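Below is one structure, written out as structure tokens; comments come after it.
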Amino acid sequence: MPVQRLNHAVLYVRDVERSVAFYREALGFEVVMGMKGAAFLQASGSTNDHDLGLFQIGEDADPSPAGRTSVGLYHLAWEVDTLAELERVAAKLTELDALVGASDHSTTKALYARDPDGLEFEVSWLVPAALLTDEIIAGRTRIRPLDLDADKQRYGATTRGGIGVSVPA
């Protein structure tokens, strides 16, 4: 049987408590288990044992050189169910001064942010399969600025995203 989905990610961070506070406030994650120097968080509505593990390595840790001077993971992406939720997350990430970009990949509407250690992540909404057209699919070859107002007009603010794409129909 092929891989089904990402079950969880684990990050090394400078300060577990600071990172837990960030992911709780920014994305609504909740701690499901913790121990000295480690925490395991779960996203609201997730059925995973945990979605994010955090391991503290201390304030003296160097920044990750991935993508600048070495190979390494660029970012993780979490999916939201509606454009209204993507808009709420955008506002929260802006409030936290964590939002670093927003892109329209045609089939995917994406926000990019950095956590307190500078690790980048994405929060996205996927156009449901029933709304995909040849034009939308062809649009994946270019990246445009995200226009949430226009996307909410086109798809609806509460339309469930990813149906038939990342979520079974």
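This structure is a prediction, so every number in the text was calculated from the model and none was measured.
For Glu120, the salt bridge (Lys or Arg N to Asp or Glu O under 4.0 Å) criterion is met by Arg114, not counting sequence neighbours. Legend: residues meeting ring-ring contact (aromatic ring centres under 6.0 Å, His included) with His50, ordered by chain and number and at least two apart, are His8, Phe40. By the salt bridge (Lys or Arg N to Asp or Glu O under 4.0 Å) test, Arg144 is found to be paired with Asp104, residues two or more places apart in sequence or in another chain being considered. Applying the salt bridge (Lys or Arg N to Asp or Glu O under 4.0 Å) criterion to Arg154, with sequence neighbours excluded, gives no partner residue.
With hydrophobic clusters built from ILVMFWY side chains whose heavy atoms lie under 4.5 angstrom apart, Leu73 shares a cluster with Val123. In the hydrophobic clustering of ILVMFWY residues, with side-chain heavy atoms under 4.5 Å counting as a link, Val10 and Val31 come out apart. Hydrophobic clustering (ILVMFWY, side-chain heavy atoms < 4.5 Å, transitive): Leu41 and Phe55 are in distinct clusters.
Of the residues listed (Leu119, Leu54, Ile57), the one engaging Tyr12 in a side-chain contact (heavy atoms from CB on, under 4.5 Å) is Ile57, and it is the only one.
Residue pairs meeting the ring pair (Phe, Tyr, Trp, His ring centres under 6.0 Å) criterion with at least one partner in residues 146-169, sequence neighbours excluded, are Trp125-Tyr155. Pairs passing the side chain to side chain donor-acceptor pair (under 3.5 Å) check and including a residue from residues 22-34, sequence neighbours excluded, read Tyr23-Asp115, Arg24-Glu30, Glu25-Lys92. Within the structure, every pair that satisfies the ring pair (Phe, Tyr, Trp, His ring centres under 6.0 Å) test and touches residues 77-104, not counting sequence neighbours, is listed here: Phe29-Trp78, Trp78-Phe121. Among pairs with a residue in residues 51-61, those fulfilling salt bridge (Lys or Arg N to Asp or Glu O under 4.0 Å) read Arg18-Glu59, at least two apart in sequence or across chains. Residue pairs meeting the side chain to side chain donor-acceptor pair (under 3.5 Å) criterion with at least one member in residues 131-141: none, sequence neighbours excluded.
When all heavy atoms of Leu93 and Ala26 are compared, the pair lying nearest together is CD2-CB, 3.9 Å. Pro128 approaches Val165 most closely through the heavy-atom pair C-CG2, 4.2 Å. Here the closest non-hydrogen pair linking Gln42 and Asp49 is NE2-O, 4.0 Å. The two atoms that bring Ser106 and Gly139 nearest to each other are CB-C, 3.4 Å, heavy atoms only.
Residue Val100 is found in a hydrophobic cluster whose other members, listed by chain and number, are Tyr112; membership requires side-chain heavy atoms under 4.5 Å apart, directly or through intermediates. Hydrophobic clustering, defined by side-chain heavy atoms of Ile, Leu, Val, Met, Phe, Trp and Tyr closer than 4.5 Å, groups Val167 together with Ile163.
Annotation: Glu95, atom CD; neighbour count of heavy atoms from other residues, nucleotides and ligands within 6.0 Å is above 12.
Looking only at distances, no side-chain donor or acceptor of Ser103 sits under 3.5 Å from a matching main-chain atom of His105. Remark: side-chain polar atoms of Thr107 are not paired, donor with acceptor, to backbone N or O of Val127 under 3.5 angstrom. Put simply, the side chain of Asp117 gets close to the backbone of Arg14: a donor and an acceptor are under 3.5 Å apart.
Remark: Lys109 NZ to Leu148 CG distance equals 9.0 Å, nearest 0.5 Å. To the nearest 0.5 Å, atom CG of residue Leu27 and atom CG of residue Leu52 are 9.0 Å apart. Distance check, rounded to the nearest 0.5 Å: OG1 of Thr108 to CD1 of Ile136 gives 11.0 Å.
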Table please: side-chain donor-acceptor pairs of residues 81-90 below 3.5 Å, with sequence neighbours left out.
from, atom 1, to, atom 2, distance (Å)
Thr82, OG1, Glu85, N, 3.0
Glu85, OE1, Arg88, NE, 3.0
Glu85, OE2, Arg88, NE, 3.2
Glu85, OE2, Arg88, NH2, 2.7
Glu87, OE1, Lys152, NZ, 2.8
Glu87, OE2, Lys152, NZ, 3.0

### Candidate pair Asp151 and Leu146, rule side chain to side chain contact (heavy atoms under 4.5 Å, CB included), full reasoning
CA-CA 8 Å; Asp151 288 327; Leu146 183 62; 3.5 Å; yes

